[in-house]
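Accompanying notes for the structure given below.
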Amino acid sequence: MAEAYGIFDYRHIPVQLLATLTLGLRDDSRVKMAISGISFSQERLILAAIADYLAVLVWSKTKDGQHNRNKPKSLYELFVGQQDRREIIAYSSPEEFEKAREKILRGEADGN
């Protein structure tokens with residue numbers, strides 16, 4: 001917000017205006033990345049994919065590549081694998097949700 005709009009203290013701005021201004025931010029801004037749950041910019045992921053293709057191309061010309069051994073690890077998969085992959089849990093009733101919540105608060109296994 002400070003870089004694009006010069007807003008250093010967002011608490012004095014109406015929420016609706018903040019939401020509107022947030023839409024105008026770059027896709028790789030910290031706010032938009034946090035909202036969408038992304039840790040890496042699109043540019044970084046594309047560069048990782050390019051590096052992966054180059055590594056596989058070079059590897060394919062080696063003896064290991066000819067025998068399909070020791071394939072290089074994917075940077076792209078490393079980046080994407082670091083993303084939070086949270087399982088979506090749905091409840092069919094408020095009572096079911098409250099039971100699961102109580103289990104979580106008591107420290108029991110998975111809350112289901």
Side-chain angles (χ1 to χ4, degrees):
M1 293 297 231
E3 179 184 356
Y5 303 114
I7 299 171
F8 295 99
D9 189 5
Y10 64 89
R11 290 172 281 199
H12 298 295
I13 296 181
V15 174
Q16 189 171 6
L17 177 59
L18 276 176
T20 303
L21 293 176
T22 300
L23 289 174
L25 293 174
R26 297 184 329 266
D27 286 337
D28 63 344
S29 69
R30 289 181 293 171
V31 172
K32 274 200 170 176
M33 288 175 68
I35 289 171
S36 59
I38 300 172
S39 300
F40 301 101
S41 68
Q42 226 176 2
E43 179 181 310
R44 183 174 286 192
L45 291 177
I46 291 170
L47 288 172
I50 291 169
D52 287 348
Y53 284 118
L54 180 60
V56 168
L57 181 64
V58 170
W59 168 78
S60 69
K61 301 297 181 191
T62 65
K63 287 187 180 185
D64 280 343
Q66 302 286 326
H67 296 96
N68 201 21
R69 295 183 303 227
N70 299 324
K71 188 173 183 181
K73 294 188 191 246
S74 169
L75 291 175
Y76 182 87
E77 289 297 322
L78 179 70
F79 286 155
V80 173
Q82 288 180 354
Q83 297 289 325
D84 250 353
R85 297 194 184 272
R86 296 180 185 166
E87 182 182 340
I88 298 174
I89 301 172
Y91 302 101
S92 53
S93 70
E95 293 80 22
E96 185 181 351
F97 168 77
E98 288 298 329
K99 286 180 188 176
R101 180 178 174 270
E102 287 301 317
K103 284 184 180 180
I104 292 170
L105 293 176
R106 284 194 305 263
E108 293 180 14
D110 62 359
N112 289 332

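Clustering of Ile, Leu, Val, Met, Phe, Trp and Tyr side chains at separations under 4.5 Å places Leu54 together with Val58. Cluster partners of Val15, using a side-chain heavy-atom cutoff of under 4.5 Å among ILVMFWY residues and allowing indirect links: none. The hydrophobic cluster around Leu23 extends to none of the other residues, as no ILVMFWY side-chain heavy atom falls under 4.5 Å of it.
In this structure, Leu45 and Tyr76 approach most closely via the heavy-atom pair O-CD1, 3.6 Å. When all heavy atoms are compared, the tightest approach of Ala55 to Pro72 is O-CG, 3.9 Å.
Residues passing the salt bridge (charged side-chain N to carboxylate O under 4.0 Å, His left out) test with Arg44, sequence neighbours excluded: none. Applying the side chain to side chain contact (heavy atoms under 4.5 Å, CB included) criterion to Glu43, with sequence neighbours excluded, gives Ser41, Leu47. Residues passing the side chain to side chain donor-acceptor pair (under 3.5 Å) test with Ser92, sequence neighbours excluded: Glu96. Residues passing the side chain to side chain donor-acceptor pair (under 3.5 Å) test with Asp9, sequence neighbours excluded: Arg11, His12. Here Lys32 pairs with Asp27 under the salt bridge (charged side-chain N to carboxylate O under 4.0 Å, His left out) rule; sequence neighbours left out. Partners of Phe97 according to the ring-ring contact (aromatic ring centres under 6.0 Å, His included) rule, which considers only residues two or more places apart in sequence or in another chain, are Tyr91. Legend: residues meeting salt bridge (charged side-chain N to carboxylate O under 4.0 Å, His left out) with Glu102, ordered by chain and number and at least two apart, are absent.
Within a 6.0 Å sphere centred on CD of Gln42, other residues, nucleotides and ligands contribute 12 heavy atoms or fewer. Taking a 6.0 Å sphere around CD of Gln16, one finds it holds 12 or fewer heavy atoms contributed by other residues, nucleotides or ligands.
Here the straight-line distance linking atom CG of Asn70 with atom OG1 of Thr62 works out to 8.5 Å at 0.5 Å rounding.
Counting only residues at least two apart or in different chains, salt bridge (charged side-chain N to carboxylate O under 4.0 Å, His left out) contacts with residues 17-26 comprise Glu3-Arg26, Arg26-Asp28. Applying the salt bridge (charged side-chain N to carboxylate O under 4.0 Å, His left out) definition to pairs two or more places apart or across chains, those involving residues 58-68 are Asp64-Arg69.
In this structure, the side chains of Asn68 and Trp59 come closer than 4.5 Å at one or more pairs of heavy atoms.
Taken together through direct or relayed side-chain contacts under 4.5 Å among Ile, Leu, Val, Met, Phe, Trp and Tyr, Leu25 and Leu17 form part of one hydrophobic cluster.
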